[in-house]
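For reference, the structure is listed below as structure tokens.
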Amino acid sequence: MMAPKPRVRFAPSPTGELHVGNARTALFNWMFARHHGGYFILRIEDTDESRSALSYQVNLLNDLSWLGLDWDEGPQKKGSYGPYKQSERLDIYNEHLQKLIDADLVYPCYCTEEELEEERQALILSKRMPRYMGKCRNLTADERKQREIEGRKHSFRFKVQPQVIEFEDLIRGAMKFEGEAIGDFIIVRSNGMPSYNFAVVIDDQLMGITHVIRGEDHLSNTALQLMLYKAFGFVPPTFVHHSLILGKDRAKLGKRHGSVSVGEFRKQGILPEALINYLGLLGSSFTDGREVLSREEMIEGFVLERASKSGAIFDEEKLHWLNAIYIRNCKTEDLIERLKPFLEQAGYKTDAVDAKWLYEVIELVKTQLTTLAEIGSHIDIFFDDKYIMTAEAKEILKKDTACQVVKAFAEYLNTAAGNPQENYLAAIKYTKEKTGAKGKDLFMSIRAVLTGKVHGPELDKVFVILGNDTALKRLKPFTD
RNA sequence: GGUCCCAUCGUCUAGUGGUUAGGACGCUGGCCUCUCACGCCGGAAACCAGGGUUCAACUCCCUGUGGGACUACCA
């Protein structure tokens, strides 16, 4: 008999930009689903009304789509396990809460935040672990009524039985937690919203999730969730906790480490396939050791168990290396399309320019690019309004030989009648013969005057793109 | 503090008792070349420490050390 198709989910909370760490979790889930021909489900965990925002949710879907991580069920995609937003599943949570109330596995807690904070501080002071000590656990019916009359709101807490929790993690192996340290935790808040640990268990169960693939930061939550699975009589899914992405200081990657959101990398001109490739590589490896992999190859070679157990530092340089590879492997027509927003932003009017000509320009500078955003500094030499003479170029042109070279070159060009390709070759030949200059003296001088820079693509190609007229225009100030 | 996780070049990793410890990024030497980039060839660079187990440990066990996560009416 064939194993049932796995159902996995990515369950972000729309409280900020999509972080690369979360994107990687999404990627792992997605690759796992695609590799096994299963289902990738997107669930929005928006039970924190104060932090969730619709704009973030829109962003999230955009970023995921941009990365190419398509989901089979979730927002904008109907499935038979919805709704896929927790804020729309409130009655489901209430039903389940009632079950636990009926089974006497939960109790109302009337403590205020201030009281809880006080308790926490007292415990810390006496060097004990800060946790809820169960003040409201054994309240009598009268005491509860009294608090209701006082108008106190209550949350619901789960009665934690001291126990050892064990489970098998697909990446980490046997996991064991001493339940002793866990206090009665809140499953429904005083505003009626479910807490994370409560909602996640119900949703994963009801949505038929077979593998919970998430970050290591959820490892200790698993113990609480397992208690809930048991309380409901649910069979827990397989848990898989991958390692975290770290900053240079080996702490969990966060805002203070610089760029951490998918949106930021997009704005910097990172290609989605490069980011996906990098994220897939980070903290994992594919069997044959190759590192530049297409989406299909990643799906094909993905083995969850190969994911590393230890955290991985985010290496932007390696991301850039991959990005450069994807840029130069990109078909020039496609690259131009991707480049357009960046060109506009840098002040280049792409519509005002001949498409064929632009194609030649991009084709020529492709290999120099690391990110799309730096396009401007590579093509400025081809635009009169962007062309400027750098200090290094001026230095080159101060030399006597340079002056002679420039004059001779211009002299030939002034009377030349061929196409740019022929003209360039002939002008170089003429200049070489007339001045005796060769090598660097010859080419660098011409490069300096033509592009205003001392670095750039092959001169002959630059000249052809520039054309006779532009070349002469730039030569003129140096020939008078 | 408590619970838990982790530990191979600077970084990402391969490695499952016997290897010259392999690859990639970065760094670096050279080639190509007017320059930069690309490309090609080469180099430096690692098994956290101490005990076991074993004929043999990077690999298995223990302890220590170091790093990290969690410790909310956030997810």
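We name chains A, B, ... by the order of the sequence lines, and we start the count at 1 in each one.
A:R306 comes within 4.0 angstrom of the backbone, heavy atoms only, and of no base. Nucleic acid contact for A:L459: base, since at least one base atom lies under 4.0 Å from a heavy atom of the residue. Within the nucleic acid shown, A:K453 has no heavy atom closer than 4.0 Å to any nucleic acid atom. In this structure, A:M193 reaches neither bases nor backbone, as no heavy-atom distance under 4.0 Å exists between it and the strands shown. When heavy atoms are screened at a 4.0 angstrom cut-off, A:G283 is found touching the sugar-phosphate backbone but no base atom.
Atom C1' of B:rC12 sits at a distance of 15 Å from the matching atom of B:rA45, rounded to the whole Å. Spacing of C1' atoms, B:rC61 relative to B:rC74, comes out at 40 Å, to the nearest Å. Nucleotides B:rC60 and B:rU53 place their C1' atoms 8 Å apart, quoted to the nearest Å. Here the separation of B:rC9 from B:rC5, taken at their P atoms, is 23 Å to the nearest Å. Taking the P atom of each, B:rC73 and B:rG68 are spaced 25 Å apart, rounded to whole Å. Taking atom P on both B:rG23 and B:rG30, the two are 22 Å apart, rounded to the nearest angstrom. Of the C1' atoms belonging to B:rA75 and B:rU65, the separation is 33 Å, rounded to the nearest Å. Comparing the C1' positions of B:rU8 and B:rU59 gives an interatomic distance of 11 Å, to the nearest angstrom.
Atoms CG (A:L224) and P (B:rC4) sit 14 Å apart, rounded to a whole Å. In this structure, the CD1 atom of A:I446 is 18 Å from the P atom of B:rU33, given to the nearest Å. Here B:rU11 presents its C1' atom at 13 Å from CG of A:L319, a figure rounded to the nearest Å. Rounding to whole angstrom units, NZ of residue A:K461 and P of B:rU33 are separated by 14 Å. In this structure, CE of A:M298 is placed 18 Å from P of B:rC12, rounded to the nearest angstrom. The distance between atom CD of A:E166 and atom P of B:rU3, rounded to the nearest whole Å, is 16 Å. Going from atom CG of A:D315 over to atom C1' of B:rG10 covers 10 Å, rounded to whole Å. Look at NE2 on A:H242: it is 12 Å from P on B:rU13, rounded to the nearest Å.
Other residues, nucleotides and ligands place more than 12 heavy atoms under 6.0 Å from the NZ atom of A:K85.
With respect to the salt-bridge test (charged N to carboxylate O, under 4.0 angstrom), the residues A:R147 and A:E150 do not qualify.
A side-chain N or O of A:Y326 and one of A:N277 form a donor-acceptor pair less than 3.5 Å apart. Residues A:Y110 and A:E148 have side chains that bring a donor and an acceptor to within less than 3.5 angstrom of each other. No side-chain N or O of A:D46 forms a donor-acceptor pair with one of A:Q86 less than 3.5 Å apart.
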Q: At under 4.0 Å between heavy atoms, which parts of nucleotides 67-75 of chain B does protein reach? Answer with one letter per nucleotide, 5' to 3': B base, S sugar-phosphate only, - none.
A: SSSSSSBBB
Q. In the 5'-to-3' direction, what one-character label does each nucleotide of nucleotides 36-44 of chain B receive under the scheme B = base within less than 4.0 Å of a protein heavy atom, S = sugar-phosphate only, - = no such atom?
A. BBSS-----
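Where A:G439 and A:E178 meet RNA chain B, the nucleotide closest to each residue was compared, and A:E178 sits on the side nearer the 5' end.
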Q. Between A:H218 and A:N221, is a side chain to side chain donor-acceptor pair (under 3.5 Å) present by the stated rule, with each step listed?
A. CA-CA 5 Å; A:H218 284 287; A:N221 279 327; 3.3 Å; yes
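If you check B:rG10 for Watson-Crick or wobble pairing at under 3.5 angstrom, you find it paired to B:rC25. A 3.5 Å limit on both hydrogen-bonding distances identifies B:rU71 as the Watson-Crick or G-U partner of B:rG1. B:rU35 makes up no base pair with any nucleotide shown, lacking Watson-Crick or G-U wobble contacts both under 3.5 Å. Summarising the base pairing, B:rG64 is matched to B:rC48 through a Watson-Crick or G-U wobble pair whose two defining distances lie under 3.5 Å.
Between A:H241 and A:F239, the two ring planes are parallel [angle under 30°; tilted spans 30° to 60°]. A tilted orientation is assigned to the rings of A:Y412 and A:Y430, their planes being inclined by 30° to 60°. Ring geometry for A:F409 versus A:F463: interplanar angle over 60°, hence perpendicular rather than tilted (30 to 60°). The aromatic rings of A:F302 and A:H35 sit perpendicular to each other, their planes meeting at more than 60°, with 30° as the lower class boundary.
Interatomic distance, OH of A:Y84 versus CG of A:D203, reported as 10.5 Å (0.5 Å rounding).
Taking 3.5 Å as the limit, the base of B:rA24 and the side chain of A:K318 contain a donor-acceptor pair of atoms between them.
A:L275 pairs in a side chain to side chain contact (heavy atoms under 4.5 Å, CB included) with only one of the listed residues (A:N323, A:L322, A:L67), which is A:L67.
Of the candidates B:rU3, B:rC34, B:rU13, B:rU13 carries the atom nearest the A:S308 side chain, counting heavy atoms from C-beta on.
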